[in-house]
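Model, not experiment: these values are computed from the prediction. Just follow the structure's listing: the first ligand is 1, and inside any ligand the first atom is 1.
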Amino acid sequence: MEVFETKEALNAYLKPLKASGKKIALVPTMGALHNGHISLIKLAKENADVIICSIFVNPTQFTDPKDLEKYPRPIEHDLAMLKDAGCNGVFMPDVAEMYPSGSDENWHIDLGKAEFLLEGEFRKGHYQGVTQIVKKLFDAVEPDVAMFGQKDFQQVLMIKNMLSHFKLPINIITCPIIREDDGLAMSSRNIHLSIADRKNALVLSKSLQFVVDNFDQFSLKELEEKARAFYNTIEGVELDYFTIADGNTLEPAKSKDENSLVALVAAQVGSTRLIDNMIIK
Ligand code: PAF
């Protein structure tokens, strides 16, 4: 497995591969890899010939500087996992490589109304930062396909909107959420959970599963109310939102007949903010 720190070195590696017709996949990450990321690498291998994983903790998508500071960076462990998974190349630039004129460089694109809903309400400017770095990574790699996890459901939607904005010919593949045996969605942030938090965090997947299992029995309003009530009794967990939304717009679902419905949740568990979702249909 090759490791590249500059766009130039990455390009020199990719150029002959592209010229010989190889299909390139990009798996963008911020490191602190877990089996959810590895599932992206595996799916990438089914869809392309050469797999590039990027590891870059992107400063422009963090609204809280403390969150950026404490973001885990276990690089040796990450590289070992990627090598095991059969990744071909890792792109690990530093901030100056991705933001040569500083990370406060100008970037603003229209991502549609959904940018300001859900996560957008709690993390102002987050999706501008995400799409800014993903565009830079797409420009550096020019992949045929790029893989993203369904856990960041809204992120996938924003990236697809960015793609249409720039008319980029990249196929976005969304990979299902990978969960621990007890249902907790895998996340790089789980490392920050105390033993008590780890137990309390199960309320996210349980409340979502309740909605999926009982979808036919209750109205949308009742489902949301009952799911939110899961959080009333758990100390140390604060619900930011629980919503059943139209999967295309992320607006609150108006009817059970919409063709795409997803339940999404975000909660503060101890000092860690977690998100999760389940697609209903
Ligand atoms: O999902 C992530 O890890 C990040 O938001 C991404 C897509 C790598 C951009 O920094």
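For atom 10 (O) of ligand 1, the nearest protein heavy atom (residue, atom name, distance) is Gln61 OE1, 2.6 Å.
With a 4.0 Å heavy-atom cut-off, ligand 1 is reached by no atom of Ile159.
When side chains are defined from C-beta on, Phe138 does not count as touching Ile133, because their heavy atoms never get closer than 4.5 Å. For the pair Asn88/Tyr13, a side-chain contact is recorded, criterion being any heavy-atom separation below 4.5 Å from C-beta on. Side-chain contact between Arg73 and Val57 is present, with heavy atoms from C-beta onward closer than 4.5 Å.
For residues 16-38, the set of pairs meeting the side-chain hydrogen bond (donor to acceptor under 3.5 Å, both in side chains) definition, not counting sequence neighbours, is empty.
Close contacts between ligand 1 and Thr29 involve ligand atoms 8 (C) [criterion: under 4.0 Å to a heavy atom]. Atoms of ligand 1 lying under 4.0 Å from any heavy atom of Pro28, numbered from 1 in the order shown and given with element: 8 (C). Within ligand 1, counting atoms from 1 as listed, the ones closer than 4.0 Å to a heavy atom of Ile133 are 9 (C), 10 (O). Close contacts of ligand 1 with Gln155, meaning ligand atoms under 4.0 Å from a residue heavy atom, involve 1 (O), 2 (C), 4 (C), 5 (O), 7 (C).
Remark: Lys113 engages Glu251 in a salt bridge (charged side-chain N to carboxylate O under 4.0 Å, His left out) (not counting sequence neighbours).
Of the residues Arg273, Arg189, Gln61, the one that meets the side-chain hydrogen bond (donor to acceptor under 3.5 Å, both in side chains) test with Asp67 is Arg189.
Checked by distance only, ligand 1 and Asn58 stay at 3.5 Å or farther apart across all their nitrogen or oxygen atoms.
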